[in-house]
Amino acid sequence: MKQLDEQITFTIGQVSDLKKISTYTLRYYDKQGLLPKVIRDKNGTRHFTNEDLQWLDMIRCLKNTGMNLDQIKDFVDSTYQGPETLDQRLDLLNRQVQQIKITILEQQHYIEQINQKIKVLNTEKETRKTQDNE
């Protein structure tokens, strides 16, 4: 951690360790504009703030729920455009929640299918065990 203009900041290595995100990914996110407020010093070294760390958590959340990076960038950009984009951001997040719900239902169906197959295989195993003991 470093104090930069009265603000505590983190190096890319520290952020990588803290958030378990590769430095390559952090640089990529920065280049793609997903972290528009990353501070650079006179040498071009990135310094991440607590706000950047919070954004990384949100980016990871959205990405892990299936949102693509273009949509995430739209969300980031619209956030910094201010209150006039609230409806747009709410719509995007509400659509993502609906997509997550669909995914959960699909996964529950897959669990049921797999559990049914486990049941069949366990029955087959018991049958074989009984036949081997005869």
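The structure places CG of Asp41 at 9.0 Å from OG1 of Thr9, a figure rounded to the nearest 0.5 Å. One finds the CZ atom of Phe48 at 6.0 Å from the CG atom of Asp30 (value rounded to the nearest 0.5 Å). Atoms CD and OG1, from Gln98 and Thr103 in turn, are 11.0 Å apart once rounded to the nearest 0.5 Å. Annotation: the span from Gln108 atom CD to Ile111 atom CD1 amounts to 6.5 Å, rounded to 0.5 Å.
When atom types are taken as modelled, the side chain of Gln14 and the backbone of Thr11 share a donor-acceptor pair closer than 3.5 angstrom. Here the side chain of Ser22 pairs a donor or acceptor atom with the backbone of Thr25 at under 3.5 angstrom.
Residues Phe10 and Tyr28 are members of one and the same hydrophobic cluster, defined by side-chain heavy-atom contacts under 4.5 angstrom among Ile, Leu, Val, Met, Phe, Trp and Tyr. Clustering ILVMFWY residues whenever any of their side-chain heavy atoms sit less than 4.5 angstrom apart, transitively, puts Leu93 in the very cluster that holds Leu69. Hydrophobic clustering, with ILVMFWY side chains joined whenever heavy atoms are under 4.5 angstrom apart, groups Leu34 together with Met58.
Shown here are the side chain to side chain contact (heavy atoms under 4.5 Å, CB included) partners of Lys129, two or more places apart in sequence or in another chain: Glu126, Asn133. Applying the side chain to side chain contact (heavy atoms under 4.5 Å, CB included) test to Thr123 and every residue at least two apart in sequence or in another chain returns Thr127. Ile118 is linked by a side chain to side chain contact (heavy atoms under 4.5 Å, CB included) to Ile114, Asn115, Asn122, counting only residues two or more places apart in sequence or in another chain. The side chain to side chain contact (heavy atoms under 4.5 Å, CB included) search around Glu51 returns Lys37, Thr49, Trp55, Tyr80, not counting sequence neighbours.
Membership of an apolar cluster is not assigned to Leu121, as no side-chain contact below 4.5 Å to another ILVMFWY residue is traced. By the 4.5 Å side-chain criterion applied to Ile, Leu, Val, Met, Phe, Trp and Tyr, Ile100 is assigned to a cluster that also includes Ile104. Residue Leu105 is found outside any hydrophobic cluster, as its side-chain heavy atoms come under 4.5 Å of no other Ile, Leu, Val, Met, Phe, Trp or Tyr.
For the pair Ile72 and Gln32, the minimum side-chain heavy-atom distance is 4.5 Å or more.
For residues 105-120, no pair satisfies salt bridge (Lys or Arg N to Asp or Glu O under 4.0 Å), with sequence neighbours left out. Each side-chain hydrogen bond (donor to acceptor under 3.5 Å, both in side chains) pair with one or both residues in residues 58-67, not counting sequence neighbours, appears once here: Thr65-Gln96. For residues 70-81, every residue pair satisfying the salt bridge (Lys or Arg N to Asp or Glu O under 4.0 Å) rule, not counting sequence neighbours, is listed here: Lys73-Asp77. Sorted by first and then second residue, the salt bridge (Lys or Arg N to Asp or Glu O under 4.0 Å) pairs with a member in residues 80-97 read Asp91-Arg95; sequence neighbours excluded. Residue pairs that meet the salt bridge (Lys or Arg N to Asp or Glu O under 4.0 Å) test with at least one member in residues 17-28, sequence neighbours left out, are Lys19-Asp57.
Closest non-hydrogen pair, Leu26 versus Leu35, comes out as O-CD1, 4.4 Å. Across all non-hydrogen atoms, the minimal contact from His47 to Asp52 is O-OD2, 4.0 Å.
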Worked check of side-chain contact (heavy atoms from CB on, under 4.5 Å) between Val15 and Arg46: CA-CA 11 Å; Val15 173; Arg46 292 171 178 90; over 6 Å; no
CA sep, side-chain torsions, deciding dist, call: Tyr29, Leu56, side-chain contact (heavy atoms from CB on, under 4.5 Å): CA-CA 9 Å; Tyr29 286 173; Leu56 284 169; 3.9 Å; yes
